[in-house]
Amino acid sequence: MNNNELENIWNSPANRPEPAAVTAQMEQYLKRLRGRHRGFVIITSLAGLWLAVILIRLGYFVAGGGALRLSQEWGAVGMLLLPLTVLIVFAVQFRRHCRVNAEPERSIHTSLLALLDENRLARLRLKIIAGLYAAVMLIIPLVVHQLRAAGKAGDEILVPAFVLLPLLLLALLCGLIFHYRTRLLPRHRELKELLAAYP
């Protein structure tokens with residue numbers, strides 16, 4: 001088979017999807033992207049609300065005369081600032097992603113690029129969250145020591161801090177790894193293959 005024959009086959013109607021099929025496929029990609037964006041906004045909003053409640057309660061505690069000596073109890077404040085910092089980083093990354101992929105509906109190619117970028121961000125977020133879990137486990141002994149030294153906690157904190165919390169974080173980490181390997185990585189490969197088909 002010579003080059004002309006190959007070119008004729010490539011350009012033949014049988015090798016080109018109908019416009020309606022292309023439009024339907026693009027709509028499917030955009031629906032996926034909008035769903036991922038919506039899920040991210042919901043999850044981060046709930047996390048932000050949870051952190052806001054904790055910070056407001058801490059503010060009321062201090063305003064009501066509760067003793068909080070930062071020089072001796074800074075570990076607990078650091079525990080609150082860690083997830084808050086991660087949440088801010090996630091929000092900045094999401095805004096950048098939306099700005100870079102402002103018009104994903106222009107073509108299947110741009111839709112796939114936006115989905116690939118969203119997948120990259122999702123994989124990066126899981127790595128950051130895993131790092132957050134590791135940081136929490138490193139700072140927990142300090143927080144427990146400071147709370148016990150300040151007389152705000154006794155031996156009752158040991159089992160939750162050194163048994164229950166590590167088990168919970170380990171279970172969450174296993175869930176993250178499972179999601180990363182069974183959902184995000186296969187989706188990344190699928191999107192790369194689709195992008196090669198729609199250059």
Side-chain angles (χ1 to χ4, degrees), residues 1-48 50 82-138 166-199:
M1 184 175 290
N2 59 38
N3 287 340
N4 288 335
E5 289 173 326
L6 283 173
E7 188 175 348
N8 289 335
I9 292 173
W10 177 259
N11 292 324
S12 70
N15 197 38
R16 292 184 175 183
E18 293 293 324
V22 172
T23 302
Q25 195 166 29
M26 190 163 81
E27 185 57 38
Q28 182 183 7
Y29 295 151
L30 289 172
K31 185 178 179 181
R32 282 188 201 173
L33 185 63
R34 286 191 290 265
R36 308 236 189 284
H37 286 177
R38 190 167 46 250
F40 172 78
V41 170
I42 290 171
I43 290 172
T44 51
S45 297
L46 290 174
W50 173 72
L82 277 174
L84 182 61
T85 302
V86 167
L87 200 62
I88 292 170
V89 169
F90 284 178
V92 170
Q93 289 176 339
F94 181 69
R95 285 191 63 188
R96 186 181 302 128
H97 161 76
C98 290
R99 189 173 63 249
V100 170
N101 302 283
E103 297 180 346
E105 68 280 351
R106 279 185 303 160
S107 66
I108 290 182
H109 182 79
T110 55
S111 300
L112 290 171
L113 284 176
L115 279 166
L116 264 173
D117 193 47
E118 188 279 331
N119 179 269
R120 177 191 62 81
L121 267 185
R123 288 182 288 121
L124 178 61
R125 285 184 204 123
L126 288 195
K127 292 174 184 176
I128 292 174
I129 291 171
L132 175 65
Y133 291 168
V136 166
M137 289 312 305
L138 288 175
L167 287 175
L168 173 63
L169 292 181
L170 181 61
L172 291 172
L173 184 60
C174 288
L176 290 180
I177 293 171
F178 180 79
H179 182 69
Y180 185 91
R181 291 185 174 177
T182 63
R183 297 290 301 276
L184 295 182
L185 281 182
R187 189 182 302 147
H188 173 73
R189 289 191 290 268
E190 175 193 354
L191 290 170
K192 291 286 281 186
E193 291 171 1
L194 286 170
L195 188 62
Y198 292 97

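In what follows, every heavy atom counts, from backbone to side chain, and hydrogens, waters and symmetry copies are set aside.
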Full working for side-chain contact (heavy atoms from CB on, under 4.5 Å) between N101 and T110: CA-CA 8 Å; N101 302 283; T110 55; over 6 Å; no
Rounded to the nearest 0.5 Å, what's the gap from [atom1] on [X] to [atom2] on [Y]? Could you check?
{"X": "L121", "Y": "L184", "atom1": "CG", "atom2": "CG", "answer": "11.0 Å"}
{"X": "I129", "Y": "L169", "atom1": "CD1", "atom2": "CG", "answer": "12.0 Å"}
{"X": "H188", "Y": "Y180", "atom1": "NE2", "atom2": "OH", "answer": "8.5 Å"}
{"X": "R189", "Y": "K192", "atom1": "CZ", "atom2": "NZ", "answer": "12.5 Å"}
{"X": "L176", "Y": "R181", "atom1": "CG", "atom2": "CZ", "answer": "12.0 Å"}
{"X": "L195", "Y": "L191", "atom1": "CG", "atom2": "CG", "answer": "8.5 Å"}

In this structure, which one of R36, R38, R123 forms a salt bridge (Lys or Arg N to Asp or Glu O under 4.0 Å) with E118?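 Result: among R36, R38, R123, R36 is the only option passing the salt bridge (Lys or Arg N to Asp or Glu O under 4.0 Å) with E118.
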Side-chain heavy atoms of R120 within contact of L116, under 4.5 Å: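 SC-SC contact between R120 and L116 ruled out.
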Find out whether I128 and Q93 are in side-chain contact, i.e. whether some heavy atom of one side chain is under 4.5 Å from a heavy atom of the other.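 Side chain of I128 against side chain of Q93, heavy atoms only: contact under 4.5 Å found.
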Nearest heavy-atom neighbours spanning [X] and [Y]:
{"X": "L173", "Y": "A130", "result": "CD1-CB, 3.8 Å"}
{"X": "L33", "Y": "A114", "result": "CD2-CB, 3.6 Å"}
{"X": "S111", "Y": "L30", "result": "OG-CD2, 3.6 Å"}
{"X": "A135", "Y": "L82", "result": "CB-CD1, 4.0 Å"}

Can you tell me which residue pairs pass the ring pair (Phe, Tyr, Trp, His ring centres under 6.0 Å) test with a partner in residues 95-132, sequence neighbours excluded?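 Residue pairs with at least one partner in residues 95-132: H37-H97.
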SB check E103 R106 (cutoff 4.0 Å):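 The answer is yes: the pair qualifies as a salt bridge.
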For atom CZ of R34, decide whether the heavy atoms of other residues, nucleotides or ligands shown that lie under 6.0 angstrom number more than 12.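 Yes, CZ of R34 has more than 12 neighbouring heavy atoms, counting only those of other groups under 6.0 Å.
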Full working for side-chain contact (heavy atoms from CB on, under 4.5 Å) between V41 and F94: CA-CA 9 Å; V41 170; F94 181 69; 4.0 Å; yes
Please determine if R125 forms a cation-pi arrangement with F40, meaning its NZ or CZ atom is less than 6.0 Å from the six-membered ring centre and no more than 45° off the ring axis.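 Yes; both conditions hold, so R125 lies above the ring face of F40.
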